[in-house]
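Supplied in structure tokens, the structure appears directly below.
Keep in mind it's a predicted model, so treat the numbers as computed, not measured. Along the sequence shown, residues carry numbers from 1.
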Amino acid sequence: MTTRILAGRVALMTGASSGIGEATARALAQAGAKVAIAARRKDRLDALARELKQSGADVLAIAADLVREEENRRIVAETEAHFGRLDILVNNAGVMHLAPIDAADSADWRRMLELNVLALMVSSQAALPGMRQRGDGHIVNISSTAGRISNANASGYAATKFGVVAFSEALRKEVYKDNIRVSVIEPGAVATELREHIPHAATRQALDAWAGSMRQLQGVDIANAVLYCVSQPAHVNVNEILIRPTDQER
Ligand code: NDP
């Protein structure tokens, strides 16, 4: 039986319509948090909200395209308006448009920068006034092993994920005195829809083969890492978790 260790807490989970975000929203709700879930695919959010409500959770589904700055501010504002506060923001929405630099479409680079980094920066900024006012809050940012190690054909994606790590550390230094914690999770290969959107066919095939050669992580494995971070006592800030499949070398 899951302990309701997050009872009374309010969380906002971005990218909750699939993969890591869906699994983490489920874990936060099972731990007793009230959860706002955001992404573009409203049908998927509604299905998840129905499922979680059936098990007694308090859930708010918010359709939003987080490439748009005002949408990041809106999801924070709607969460605070609906639940009265926002304690835990999990910035997870992201895309991975891999390609060699020579072949890359700069529109894909822009889209990754705008979603993976800028959106996360804006939603973090939007969450701060309420957290500072209450002297309590936790921001969890999903980076990647690609935020630690930069590989060929992943230049743009790695730039965004290194960016997440850099932003998060500066954020932590600016907010810790207000009892606001910042954690970064850096997953290796997780079995989700992420690779389906790789535009460069040879890169997608190579990555699919690489991921297929190992026992990949599942969304719930990352959800467990997030849950670990946000359920520590107030004096503990888990700054960073690098989590790879056992079978993943690099
Ligand atoms: P998924 O593709 O399953 O999930 C991505 C989520 O982001 C979806 O909910 C999607 O929802 C949302 N999203 C995409 N574009 C937008 C947008 N414009 N506005 C709002 N939401 C958007 O992949 P994962 O679960 O794997 O990815 C989650 C995070 O984990 C990403 O940041 C990814 O970089 C990171 N990660 C994943 C790894 C992996 O191996 N899978 C490894 C390391 C890190 P919708 O399409 O409905 O908008």
With hydrophobic residues grouped by side-chain heavy-atom distances under 4.5 Å, do Val35 and Ile222 end up in a single group? yes
Short question: side chain of His97, backbone of His197 - any donor-acceptor pair under 3.5 Å? yes
Could you check whether any side-chain N or O of Arg134 sits under 3.5 Å from a backbone N or O of Gly130, counting only pairs where one atom can act as donor and the other as acceptor? yes
Nearest 0.5 Å, what's the CG-CD distance between Asn72 and Glu114? 11.0 Å
pair Val182-Val175: side-chain heavy atoms closer than 4.5 Å: yes
Between Ile20 and Leu194, is the side chain to side chain contact (heavy atoms under 4.5 Å, CB included) condition met? List the steps. CA-CA 10 Å; Ile20 293 169; Leu194 193 73; over 6 Å; no
Are any non-hydrogen side-chain atoms of Gln30 and Leu28 less than 4.5 angstrom apart? no
More than 12 heavy atoms of other residues, nucleotides or ligands under 6.0 Å from CD of Glu249: yes or no? no
Nearest 0.5 angstrom please: Leu217 CG to Thr246 OG1, how far? 8.0 Å
Consider only side-chain heavy atoms of I, L, V, M, F, W and Y, link residues closer than 4.5 Å, and tell whether Val95 and Leu98 are in one cluster. yes
Rounded to the nearest 0.5 angstrom, the CG-NZ distance for Asp46 and Lys53 is 8.0 Å
Under 3.5 Å donor-acceptor, Thr14 side chain and Ala93 backbone: yes
Just by modelled atom types, is the Ile180 backbone N or O under 3.5 Å from a matching donor or acceptor in the Asp178 side chain? no
Check: Val10 main-chain N/O paired with Asp87 side-chain donor or acceptor under 3.5 Å: yes
Indicate whether the side chain of Arg73 and that of Ser123 have a donor and an acceptor atom separated by less than 3.5 Å. no
Nearest 0.5 Å, please: how far is NE2 in His138 from CZ in Arg181? 5.5 Å
Do the side chain of Asn116 and the main chain of Gly94 share a donor and acceptor less than 3.5 angstrom apart? no
How far apart are the closest heavy atoms of Pro187 and Ser143, and which atoms are they? CD-O, 3.4 Å
Side chain to side chain, Val190 and Gln218, heavy atoms closer than 4.5 Å: no
Is there side-chain contact between Ile101 and Asn153, with heavy atoms separated by less than 4.5 Å? no
Take Arg40 and Glu71, measure what salt bridge (Lys or Arg N to Asp or Glu O under 4.0 Å) needs, and give me the verdict at the end. CA-CA 11 Å; Arg40 290 168 304 176; Glu71 298 280 281; over 6 Å; no
When you measure from the side chain of Thr24 to the backbone N and O of Gly21, does any donor-acceptor pair fall under 3.5 Å? no
Quick one: do Leu89 and Leu120 end up in the same hydrophobic cluster if we chain Ile, Leu, Val, Met, Phe, Trp and Tyr together by side-chain heavy atoms under 4.5 Å apart? yes
Nearest heavy-atom pair of Ala189 and Met214: which atoms, and what distance? CB-SD, 4.1 Å
Residue pair Pro100 / His200, side-chain heavy-atom distance below 4.5 Å: yes
Would you call Val164 and Ile142 a side-chain contact if the rule is heavy atoms closer than 4.5 Å? no
With a 3.5 Å cut-off and no angle check, do the side chains of Asp247 and Ser213 form a donor-acceptor pair? no
Any chain of hydrophobic side-chain contacts (each under 4.5 Å) joining Met131 to Phe83? yes
Geometric cation-pi criterion Arg250 and Trp210, 6.0 Å radius, 45° cone: yes
Donor-acceptor pair, side chain of Arg9 and main chain of Gly32, under 3.5 angstrom: no
What's the verdict on salt bridge (Lys or Arg N to Asp or Glu O under 4.0 Å) for Arg26 and Glu51, showing C-alpha distance, side-chain angles and the deciding distance? CA-CA 9 Å; Arg26 201 172 273 126; Glu51 174 204 315; 2.7 Å; yes
With a sphere of 6.0 Å drawn around CD1 of Ile149, does it hold more than 12 non-hydrogen atoms of other residues, nucleotides or ligands? yes
Taking every heavy atom of Ala29 against every heavy atom of Leu52, the minimum-distance pair comes out as CB-CD1, 4.1 Å
Are any non-hydrogen side-chain atoms of Leu45 and Ile62 less than 4.5 angstrom apart? no
Correct closest heavy-atom pair for Leu86 and Val76 would be CD2-CG1, 4.1 Å
If I compare all heavy atoms of Phe162 with all of Ser150, which pair ends up nearest, and what's the gap? CE1-N, 4.0 Å
Using modelled atom types only, decide if a donor and an acceptor are shared between the side chain of Arg132 and the backbone of Gly137 within a distance under 3.5 Å. no
How long is the span from the NZ atom in Lys34 to the CG atom in Leu12, to the nearest 0.5 Å? 15.0 Å
Quick one: CE on Met13 to CG on Leu48, what's the gap to the nearest 0.5 Å? 10.5 Å
Do Val226 and Val90 touch side chain to side chain, with heavy atoms closer than 4.5 Å? yes
Cluster check Leu171, Leu115: I/L/V/M/F/W/Y, side chain < 4.5 angstrom: yes
Does a side-chain N-to-carboxylate-O contact under 4.0 Å join Arg74 and Asp65? no
Would you call Glu196-Arg204 a salt bridge at under 4.0 Å N-O? no
For the student: nearest non-hydrogen atoms of Ile241 and Cys229, plus distance: CD1-SG, 3.7 Å
Carboxylate-amine/guanidinium proximity below 4.0 Å for Arg41 and Glu193: yes
If you count the non-hydrogen atoms of other residues, nucleotides and ligands that lie under 6.0 Å from CD in Gln133, is the total more than 12? no
Does the Lys42 side chain pair with the main chain of Ala61, one donor and one acceptor, at a distance under 3.5 Å? no
Assess whether a salt bridge exists between Asp136 and Arg85, defined as any Lys/Arg side-chain N lying under 4.0 Å from an Asp/Glu carboxylate O. yes
